[in-house]
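Order of the sequence lines fixes the chain letters, A, B, ..., with proteins taken first and strands second; residue numbering starts at 1 for each chain. Small disclaimer: the values here were computed from a predicted structure and weren't measured.
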2 protein chains.
Amino acid sequence: MDKVGIKEIAEKSGVSLTTVSRYFNKPHLLSKKTKDKIQATIQELNYSQDNVARILVTGKSNLVGIIFPQLHLSFYTELLNQLIQYGEEKDYSFIVYTSRDTREEELAMIDRLKSYRVKGIVLLSHILSPSDIEKLDVPIISIERSGGNYCQINSDNYTGGKLAGEKLIEDGCEVLIHINNGYYENWPSFKRIVGFELAVRNMPHETIIQEDLTDPYSEIASKAMSAIVGTLLDKYTDKKIGVFCSNDDIANMLQRDCIRRGIKIPENIEIIGYDNSPVSDYAIYPITSIDQNIPLMAQIAINSLETYIAHENVVAATLIPKKTTL
Amino acid sequence: MDKVGIKEIAEKSGVSLTTVSRYFNKPHLLSKKTKDKIQATIQELNYSQDNVARILVTGKSNLVGIIFPQLHLSFYTELLNQLIQYGEEKDYSFIVYTSRDTREEELAMIDRLKSYRVKGIVLLSHILSPSDIEKLDVPIISIERSGGNYCQINSDNYTGGKLAGEKLIEDGCEVLIHINNGYYENWPSFKRIVGFELAVRNMPHETIIQEDLTDPYSEIASKAMSAIVGTLLDKYTDKKIGVFCSNDDIANMLQRDCIRRGIKIPENIEIIGYDNSPVSDYAIYPITSIDQNIPLMAQIAINSLETYIAHENVVAATLIPKKTTL
DNA sequence: TTGAAAGCGCTAACAG
DNA sequence: CTGTTAGCGCTTTCAA
């Protein structure tokens with residue numbers, strides 16, 4: 001079963017290689033008659049194109065790499081979903097990786113993507129430093145990162161945090177809590193905390209950082225959440241507690257723990273999440289969530305990549321909307 | 001910024017192209033001295049390999065395609081997760097698609113994967129018929145399908161359904177219900193129903209098919225589930241109801257509806273899911289679930305692909321474990 | 001232990 | 001509108 005190539009179909013149709021190539025790439029240059037002949041042969045031999053050869057010669061592919069920290073967070077799953085769907089329209093294909101632990105492994109991963117000549121990489125992982133990323137000679141679209149001089153898409157974390165705080169106060173919460181699984185001050189998501197703390201600065205409030213919550217679908221996260229809820233209840237008996245969680249999965253975990261304990265939602269504890277991923281709508285009691293507009297994020301990611309490519313010869317810096325904030 | 005290739009590093013190291021190529025592919029044939037020289041130059045020029053050219057000439061890639069029906073079901077997400085992680089060890093990269101609506105679109109999708117010279121395709125979508133699949137000239141590993149003459153991995157649905165029924169009876173349920181989002185009799189998952197119905201044949205039982213449950217994270221599914229629970233409660237007041245759901249997400253949705261209504265779990269309704277995906281462990285009340293052993297499935301999928309490839313010259317039929325049942 | 005030369009399957013000038 | 005020619009960056013005989 002030898003691969004049938006452009007050559008065979010050229011011979012069978014009595015035309016040259018070039019003409020067949022043009023059938024695919026510049027069909028408007030061919031006469032109807034030739035086109036028909038070629039099409040017939042293609043059908044007959046059941047030919048399908050070889051993208052690998054095409055990529056090699058043009059130097060351009062429609063492959064895009066994505067590196068997620070993990071796939072368990074519903075924000076990531078949903079973003080992947082949206083990227084695949086939107087990418088499909090534009091004929092992009094995605095190579096998906098989940099991040100490794102070390103900087104070296106991650107750089108190797110990116111090298112692997114480059115070796116497939118990906119058009120660009122959507123980066124959600126947080127392992128590399130901005131300067132690492134700037135050195136890479138592939139277009140990078142980073143999501144929820146900031147600091148470096150490359151294309152970045154973020155939601156307006158500051159306003160998000162602020163809105164959450166204000167809403168909880170408005171709803172009569174007497175103590176305001178933020179639960180987060182960890183941050184660095186140069187991450188955009190740090191601003192969720194800043195915004196929230198600003199909003200609640202005149203009220204009793206507390207920020208709880210617990211790294212064990214990072215993978216919400218783990219025993220360790222469940223235990224950590226349970227401990228947090230226990231402490232909060234002891235400390236703030238008889239007060240209405242308002243909790244802003246750094247993502248929807250954590251919010252969901254919190255709600256779960258409250259329900260198990262028979263705590264009334266939202267009478268005793270009111271919860272707000274971040275992301276507006278599907279999990280927030282389909283919790284036992286749908287959870288209010290700060291919207292990241294995941295579908296739009298996916299679209300902007302793809303579109304930025306196209307802008308990137310379109311202007312790669314020009315001094316890119318001036319043309320690409322480097323920082324997009326939703 | 002021209003791409004540095006094998007050629008540049010050959011010149012700089014004072015050796016031939018071939019030698020540099022061998023540095024990567026048959027290093028044992030080179031003298032230590034040459035190797036060192038080449039390595040130094042590689043570092044110096046920051047060279048990285050070009051897989052595209054390599055694939056073109058060898059005809060073999062480490063790309064694997066995956067086609068999911070959708071990404072919302074936790075079984076799919078978790079399988080993807082496991083495939084990526086296990087594949088990483090073996091240096092495979094995955095191109096991920098979600099399925100389209102029609103047979104033609106799906107065939108086009110597969111053609112697209114072929115055009116990237118994927119080593120094989122892991123197929124979870126159910127659109128194509130077994131004979132469609134047999135005609136494809138790419139190795140296909142199908143999961144939860146049966147009927148055709150190609151590599152298939154299934155869990156033992158029959159026993160799974162049976163176990164679920166038996167467990168519910170053992171736990172004192174008086175009415176046995178199966179909730180499913182739809183099936184064809186030639187799908188392996190149909191056997192879940194058969195096994196379950198066998199187990200409960202001497203008890204009052206009922207099988208509910210509701211296609212609206214297919215995407216559990218949709219308004220329409222929530223409504224459908226709510227309607228089902230309402231009907232069940234009306235019909236079987238005061239009886240302990242045992243429900244076997246066709247997947248964990250449906251089970252989770254059911255639990256959610258019950259909790260909202262204040263129904264006691266498991267006193268009034270007892271739930272069993274299928275898949276043993278993370279969602280079953282992290283429901284409000286962890287849900288008993290029939291294990292599909294997703295990590296093992298991922299491993300077998302990859303390994304089957306390797307077996308496939310290794311023996312592609314031989315009459316494959318006799319060598320490949322066509323049907324694997326977990 | 002190394003090199004020269006011939007492609008892999010396709011596209012892109014350039015020339016009719 | 002169509003064909004000729006020269007590669008893309010690499011691997012692989014074959015020969016030294």
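Across the protein-nucleic acid pair, B:Tyr23 atom OH and D:dT11 atom P stand 13 Å apart, rounded to whole Å. Between B:Ile9 atom CD1 and D:dG9 atom P the separation is 14 Å, expressed in whole Å. Atom-to-atom, NZ of A:Lys60 to P of D:dG9 comes out at 12 Å; the value is rounded to the nearest Å. Atom-to-atom, CG of B:Asp50 to C1' of D:dG9 comes out at 6 Å; the value is rounded to the nearest Å.
Place B:His28 and B:Thr58 on DNA chain C by their nearest nucleotides, and B:His28 ends up nearer the 5' end. Mapping A:Tyr47 and B:Leu30 onto DNA chain C via the closest heavy atom, the residue that lands nearer the 5' end is B:Leu30.
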### Message
Working note: A:Ser99 + A:Ile127, criterion side-chain contact (heavy atoms from CB on, under 4.5 Å); need CA distance, chi angles, decisive distance, verdict.
### Response
CA-CA 8 Å; A:Ser99 184; A:Ile127 292 179; 3.3 Å; yes
Q: Show the numbers, then the answer: is there a side-chain contact (heavy atoms from CB on, under 4.5 Å) between A:Glu8 and A:Tyr47?
A: CA-CA 9 Å; A:Glu8 283 88 303; A:Tyr47 166 78; over 6 Å; no
Strictly under 3.5 Å: I want the nitrogen or oxygen pairs between protein and nucleotides 3-7 of chain D, one per line.
unit_1: D:dG3; atom_1: OP2; unit_2: A:Ser16; atom_2: N; d: 3.0
unit_1: D:dG3; atom_1: OP2; unit_2: A:Ser16; atom_2: OG; d: 3.2
unit_1: D:dG3; atom_1: OP2; unit_2: A:Thr19; atom_2: OG1; d: 2.5
unit_1: D:dG3; atom_1: N7; unit_2: A:Arg22; atom_2: NH2; d: 2.6
unit_1: D:dG3; atom_1: O6; unit_2: A:Arg22; atom_2: NH1; d: 3.1
unit_1: D:dG3; atom_1: O6; unit_2: A:Arg22; atom_2: NH2; d: 3.3
unit_1: D:dT4; atom_1: O4; unit_2: A:Thr18; atom_2: OG1; d: 2.8

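Remark: A:Asp50 does not engage A:Arg54 in a salt bridge, criterion side-chain N to carboxylate O under 4.0 Å. At a threshold of 4.0 Å, the pair B:Asp36-B:Lys33 does not count as salt-bridged, since none of the basic side-chain nitrogens sits closer than that to a carboxylate oxygen.
Applying the ring pair (Phe, Tyr, Trp, His ring centres under 6.0 Å) test between B:Phe68 and each of B:Tyr97, B:Phe75, B:Tyr76 identifies B:Tyr76 as the sole match. Partner of A:Ile67 under the side chain to side chain contact (heavy atoms under 4.5 Å, CB included) criterion, out of A:Val122, A:Leu113, A:Leu124, A:Thr98: A:Leu113 alone.
Rounded to 10 degrees, the angle separating the terminal helix axes of the helix from C:dT1-D:dA16 to C:dG16-D:dC1, each built from five base pairs, is 30°.
One side chain, B:Thr19 or B:Ser16, offers a donor N or O that lies under 3.5 Å from an acceptor on the other. Side-chain polar atoms of B:Glu78 and B:Gln82 form a donor-acceptor pair below 3.5 angstrom. A donor-acceptor contact closer than 3.5 angstrom is absent between the side chains of B:Thr77 and A:Thr77.
Think of the region where chain A sits on DNA chain C: with heavy atoms and a 4.0 Å cut, that region ends 5' and 3' at C:dG9 to C:dA13.
Among the protein residues, B:Ser21 comes within range of the nucleic acid bases, having at least one heavy atom under 4.0 Å from a base atom. B:Phe24 comes within 4.0 angstrom of nothing in the nucleic acid, heavy atoms only. Residue contacts shown for B:Leu56 include a base, since a base heavy atom lies under 4.0 Å away.
Counting heavy atoms from C-beta outward, A:Tyr86 and A:Pro295 have side chains that stay 4.5 Å or more apart.
Rounding to the nearest 0.5 angstrom, the gap separating the CD atom in B:Glu106 from the CG atom in B:Asp132 is 9.5 Å.
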